[in-house]
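Index from 1, following the sequence. Counting starts at 1 for both ligands and their atoms, following the listed order.
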Amino acid sequence: RCFQQFLLGMQNPHTFSKEILHFYFEASSGDMSGVSPEVKQTSKPVLLLWFWPENKRFHLQSCKKFFHIDDCILTDDKTLESKAQGVLVFHRAISEDLSNLPTSRTRFQRWIWFNTDSPTNTQRIPGLQGLFNLTMTHRKDADIQIRWHVTARKSMDKEFVLPTKERLLCWIVDDKRMNKKSGDSYTYFVTLSKHIKVDIYDRTSDDVKGKKYFSVISGCKFYLSFENSIHRDYITETFTGPLAAGTVPIALGPPRRNYENFAPGSSFIHVNDFSDAEALAQFLLRLDKDNEAYMRYFDWWKFYNLRQQFSEEKHEFVHAICQACRYLGLRKEYRYVPDLYKWFLE
Ligand SMILES: *[C@@H]1O[C@H](CO)[C@@H](O)[C@H](O)[C@H]1NC(C)=O
């Protein structure tokens, strides 16, 4: 009866009760020789989401719904702490004295360090080195990368249609960042805006929230994809967003060749391609009048695909978390990160 209930629970995860889960662990962590093959096949690791990042809660079935990722059982039930094979820990939510981390840990459990921030904006909390088995960040050498990826197009069915363009150059930016009046991107922007009009939107305004985020971006010919700090591989949705929306990103961040690890070289403009901001402005104004040259920035659509990230705020982290779910389900090898900060911050 227990097996039947268990299998039922797998088919209909909404009814997945804790009793069934407990039973399942007893069965799977012990000797499997007497266990029926159906159960072995359906044994998926439990991934415990220890903190909801920025308290943005989504439905626990979202990985299956959005990405057909069904390699783990995602839960936020902390009473499963000692049973979970994976624990996903959002760095920014860890308290300085580590008192809000899980306390009972088993040998088989893998802790995943989840950090969406750049090294500049990452707080060095003492005592975290040596705790984690896997890393999930923007870095290319992380175990799990959180970036939305350009993928090869499977079929040539869809032709690229340029969204209607109403504005030349836009930037959605945090008012706070603007008010600081410092940083590479601010200085660059100030000089640039002397030579070309930039439409600025406040990131926190309702005009660019939710679905409007992409409709604003796709209405612009170019977009300032200026990262808030400059680090290898720190290329965020400020770049992938416009790329997916049918807008040409103007990258300010790591060097061009770093961007080319993640996106076709002909899909974007890099500020370092120009001697200064004025030269970039002149180039953009020329491109504005030369439609043929402008359209060449979209040639990559013939061969590649980039899915638009979710516009709903609560879904901001769902893609990353689902990658962790897939990893945990597919990769089993022993691993640990000897010194997190040496790897990430230095
Ligand atoms: C995970 O990392 C911890 C801490 O380094 C280590 O003790 C443990 O054996 C590792 N477990 C796995 C399954 O890799």
Side-chain angles (χ1 to χ4, degrees), residues 6 10 16 18 20-33 35 39-53 60 63 69-117 119 122-146 233 317 320-346:
F6 166 69
M10 297 305 291
F16 220 125
K18 224 174 283 169
I20 296 171
L21 266 181
H22 279 289
F23 163 72
Y24 156 61
F25 279 106
E26 248 76 80
S28 64
S29 53
D31 178 16
M32 294 284 280
S33 55
V35 179
V39 172
K40 279 190 216 162
Q41 275 163 19
T42 50
S43 65
K44 291 180 201 172
V46 166
L47 177 58
L48 172 57
L49 191 54
W50 191 252
F51 306 112
W52 281 101
L60 290 167
C63 295
I69 291 178
D70 194 15
D71 304 291
C72 79
I73 298 163
L74 186 63
T75 178
D76 63 348
D77 180 353
K78 287 193 168 154
T79 66
L80 293 173
E81 183 185 329
S82 59
K83 309 276 180 188
Q85 278 90 344
V87 180
L88 190 58
V89 184
F90 188 60
H91 179 79
R92 230 189 292 143
I94 303 173
S95 66
E96 259 174 86
D97 59 1
L98 310 185
S99 60
N100 62 355
L101 286 179
T103 48
S104 52
R105 184 175 186 176
T106 51
R107 249 185 319 118
F108 68 84
Q109 192 168 75
R110 293 189 283 176
W111 285 20
I112 306 169
W113 187 63
F114 179 20
N115 185 14
T116 53
D117 295 324
T122 297
Q123 201 199 341
R124 192 191 267 259
I125 305 170
L128 284 191
Q129 303 92 315
L131 280 186
F132 289 93
N133 304 91
L134 300 166
T135 54
M136 180 155 99
T137 74
H138 283 96
R139 280 271 291 269
K140 205 176 164 64
D141 57 356
D143 300 292
I144 307 158
Q145 278 189 64
I146 57 178
D233 298 343
F317 300 101
I321 292 168
C322 297
Q323 304 309 307
C325 176
R326 167 170 284 166
Y327 188 101
L328 201 69
L330 300 180
R331 310 273 300 262
K332 312 272 186 235
E333 66 270 26
Y334 176 85
R335 234 190 86 76
Y336 75 104
V337 186
D339 191 338
L340 193 64
Y341 295 140
K342 198 171 162 46
W343 170 70
F344 191 73
L345 297 177
E346 284 163 24

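Within a 4.0 Å radius of atom 11 (N) of ligand 1, the protein has at least one heavy atom.
Taking D339 as the reference, nothing meets the salt bridge (Lys or Arg N to Asp or Glu O under 4.0 Å) condition, with sequence neighbours excluded. Partners of E333 under the salt bridge (Lys or Arg N to Asp or Glu O under 4.0 Å) rule, at least two apart in sequence or in another chain, are R331.
Contact between E333 and ligand 1 is absent, with no heavy atom of the residue lying under 4.0 Å from the ligand.
For atom 9 (O) of ligand 1, the closest non-hydrogen atom of the protein is Y334 CE1, 3.2 Å. In terms of protein heavy atoms, atom 14 (O) of ligand 1 is closest to R335 O, 3.0 Å.
For atom 3 (C) of ligand 1, the nearest non-hydrogen atom from the set N133, T106, V337 comes from N133.
Note: no N/O pair closer than 3.5 Å links R110 and ligand 1 by distance alone. Polar contact with ligand 1: present for G130 (N/O pair, distance under 3.5 Å).
In the displayed structure, E346 atom CD is contacted under 6.0 Å by more than 12 heavy atoms of other residues, nucleotides or ligands.
The two residues R124 and L345 come nearest to each other via the heavy atoms NE-CD1, 3.8 Å.
When each atom of ligand 1 is checked for a heavy atom of R105 under 4.0 Å away, the hits are 1 (C), 2 (O), 3 (C). Which parts of ligand 1 touch Y336 is read off a 4.0 Å heavy-atom cut-off, strictly below it: atoms 2 (O), 5 (O).
Screening W52, F51, F114 for a ring pair (Phe, Tyr, Trp, His ring centres under 6.0 Å) involving F90 leaves a single residue, F114. Among T137, D141, T135, the single residue meeting the side-chain hydrogen bond (donor to acceptor under 3.5 Å, both in side chains) criterion with R139 is D141. When each of I112, V87, V89 is paired with F132, the side-chain contact (heavy atoms from CB on, under 4.5 Å) condition holds for V89 and for no other.
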